[in-house]
Amino acid sequence: MPLAFTALLVLVSFVDRVQEHSVLVWSFWGSAAALLAWQGWIFVRMKDVLDGQAFAVVLRPQHYLQATLQIAVFVYWGWYWRPVYDYAWLLAAQFVFAYSFSILLAWARHRPYILGFGPFPIVLSTNLFLWFRDDWFYLQFLMIAIGFLGKEFVRWNREGRRVHIFNPSAFSLGLFSVILIAMNASDLTWGLEIATTLTLAPRIYMFLFLIGLIAMYSFSITLVAGSAAVVLFAWSWLYTTMIGVPFFVDSEIPTAVFLGLHLLVTDPSTSPRTPIGKTIFGILYGVGVIVLFWGLEVIGVPTFYDKLLAVPLLNLSVQWIDHLAHSIRSSSTWQRIKLDWTPATANLLHMSAWITFFALMTVTGRTDGRHTGDSVPFWQEACEEGRRNACDRLTQLQYAYCADNSGWACNELGRHLQEGRIVDHDPDLAMGYFARACELRFQPGCLNVLEPERRVTARPRPIDFRVLLREGGASLADFSEQELYERACEHGWEFACEAMVSRSP
Amino acid sequence: MREHRVQQPKESAGRSPRQLAAIVFLAALVLAASMWAHRDSSSAVGPIQAEVVLPPASSSGDLSGFRSEAWLLPDDERLGFVEIPAGPFQMGSDPTLDGEAFDNERWMHTGGPAMVELGAYFIGRYPVTVAQFRAFVEETGHRVDPEALVGPLDHPVVMVTWPDAIAYARWLESTLRQWPDTPETLARHLDAGWTITLPTEAQWEKAARGDDGRIYPWGNEPRRDRANFQGPGTTPVGAFPCPECLYPVSDMSGNVWEWTRTPFLPGPYDRNASGEPDLNADALWVMRGGSFGDPPANVRAAIRGGADPGASRPFIGFRLVLTEP
């Protein structure tokens, strides 16, 4: 069977998507060669051991159900961000690789392979958060392999059983994240794009919430996901109230974090099993994301690693959390308030509380829909007022909008770089942004190319508004000018409000 | 397929840290090795800083007459810069004399041409060539459409945007300011604060037709032996001699349209306008001269076109001026 999977991997390497890039082809062939060599070694050295061993078929719902939910996310997200669908063959190749690798790993460890859907959630969960670019795709195979190796070798005794410590995908994601951060090599991956394009799918929070309910009902993960979400929502509210600007730029919880707390952190075998333990685990995940987001931002590292780095640390803390949960459960206070619900009843009650909480967050505009942080004028004003991180957030937004071809945003970035007040003075880079603005037909950009010291500016044009007002979604290509000005007014662009007044009969 | 009893692998509690370390080390090693192996092929982040890989240069093109040690600039005493003396010239078209004149060549308030006074300046004898532009890209890593770099080396560079043209001009000015062998005339003017940039459309037009109001650089009739128009593609710069031209500049008619540093307005000049373009309108910049593919009417010295500054087209190039700021 591993040979068949290896042959399939080679076969997939002949599809157009792979053939169009030589490194991809070599990544596939190199991985296949490694698998083949391993098979040869097992055949020669371990033939007697293998004799009589083969497979044990076990279909676990937590594997195929979780995989189904993850595939649903890929399908929905990919409908609005096509690189996901373009990636389908590469994802399929990872399944093939994962099966072959895990079979060989089991045999090398002198035991039969448990055939089921186990590799699916590992591969899908890894790919929901990090892909290597085509030039580096062999590292994607390595990442999958590391996940299985971590599951196989990094184990401890827990509750009398020898079990793996780390969530396999979170282990490899965490490990690769640390290495990528240390080597300042985040651009080798699609990590940033993945973290920011989930919002292109409309009502993504509602979608994730609904599929999360299925996972919650099936695997009793409500307390983990719910408590993490409550911590993050509460922190966002508190921070905004105290500082005056949102903590997570343009959301109360970044969509990728919301995805992570439903489908990454909730692996039942690497998280606590008691209600108290799950609650602590979820709370710590929320706190971990907040601390990591802040820390990564401070050291100038892309913040999309926040949700990835927290999980392995929490996995390592599980035994401590178990002890803490046990202490709490044994305390006299807990014994007094303890409710004798069955686990199923308790889970339904937890889900009810979560549904109520999410509904409250939704009706108060804290999930899908417009967010204060989507408004460029908000950040401009906050920056002028000297609010914490506001100028950094403003330039981050303008960078994103410039990359989306807003000439206005490129010109503003150039002005900041030329002025050197809210970012470091860099006339060469400023000229690059002015040139980009000019190429996008934003006239002040052209004038600034000629005389950068003038730092000419003007209002965004309707074509800029199609990007500036998209609120994390797709470009507003089908909006009329009137609709654009209405939305611009709602975002705080005063001239747009005046233009609407002057246009009204 | 048979089901078997699953054997627990033999493990000891003390092995996990070592195994964890081994896996971490393995991953780090492979990642580090990969990055080292590919250290020259990684692409930079963002839309501005992408690295440039030069396509192979075309082997065709005669580079005699250009100085290899001077960034392939023309081999003459001023590196190809021709002086245009100060004085007035007739700008725009007089429809009574030029039946081909388009509306946007007519002076806005008189409906005809007008006299425009210009100070002295120097203008490139030829449009900037592929070889010259390649030298710039090789030296600076400036990101450009690769198609700009693949033409015959002595042809005018095309597929360059307006900011590309400005970037080349800025680089050449900086280079000549620092070069000890910069010809004395150029060095003196640069020291006096003159700048190398694109010509205004007035500077371009005066260099093309002089001060006597002629329709083409050589006279009032189109001549196929004087310019590259209605042809299949670009030709080497200076391939069409023009003894009748008032100034020793080539390719002012045809071959490639040339960027200028004048924002496009409906007429050549508007005395009542501030000179500043409408900042809220989409940018258009003037290009002059017509190209190899145009009919005779479009290679007249007064012809004006407005182009998207981000457009890189196979019929748009540029030449430079040395002028007072």
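Just so it is clear, the values below take in all heavy atoms, side chains as well, and ignore hydrogens, waters and symmetry mates. We name chains A, B, ... by the order of the sequence lines, and we start the count at 1 in each one.
Remark: A/Asn184 CG is loosely packed, at most 12 non-hydrogen atoms of other residues, nucleotides or ligands lying under 6.0 Å away. The environment of A/Ile463 atom CD1 is sparse: at most 12 non-hydrogen atoms of other residues, nucleotides or ligands sit within 6.0 angstrom.
Looking at A/Met431, only its side chain comes within 4.5 Å of chain B, counting heavy atoms on both sides. For A/Arg459, the parts sitting under 4.5 Å from any heavy atom of chain B are the backbone and the side chain alike. Neither the backbone nor the side chain of A/Val178 comes within less than 4.5 Å of any heavy atom in chain B. Of the two parts of A/Thr457, only the backbone, made up of N, CA, C and O, holds a non-hydrogen atom closer than 4.5 Å to a non-hydrogen atom of chain B.
When side chains are defined from C-beta on, B/Arg170 counts as touching A/Pro452, because their heavy atoms get closer than 4.5 Å.
Under the side chain to side chain contact (heavy atoms under 4.5 Å, CB included) criterion, B/Ala148 pairs with B/Val144, B/Val157, B/Met159, B/Val160, sequence neighbours left out.
Interatomic distance, CG of A/Leu447 versus CZ of B/Arg261, reported as 12.5 Å (0.5 Å rounding). The distance from the CH2 atom of B/Trp162 to the SG atom of A/Cys446 is 5.0 Å, given to the nearest 0.5 Å.
Against chain A, the residues from residues 278-289 of chain B that qualify, each with a non-hydrogen atom under 4.5 angstrom away, are B/Asp278, B/Leu279, B/Asn280, B/Ala281, B/Asp282, B/Ala283, B/Leu284, B/Trp285 in number order.
Chosen from B/Ser312, B/Pro163, B/Ala169, the residue pairing most often with chain A at heavy-atom distances under 4.5 Å is B/Pro163.
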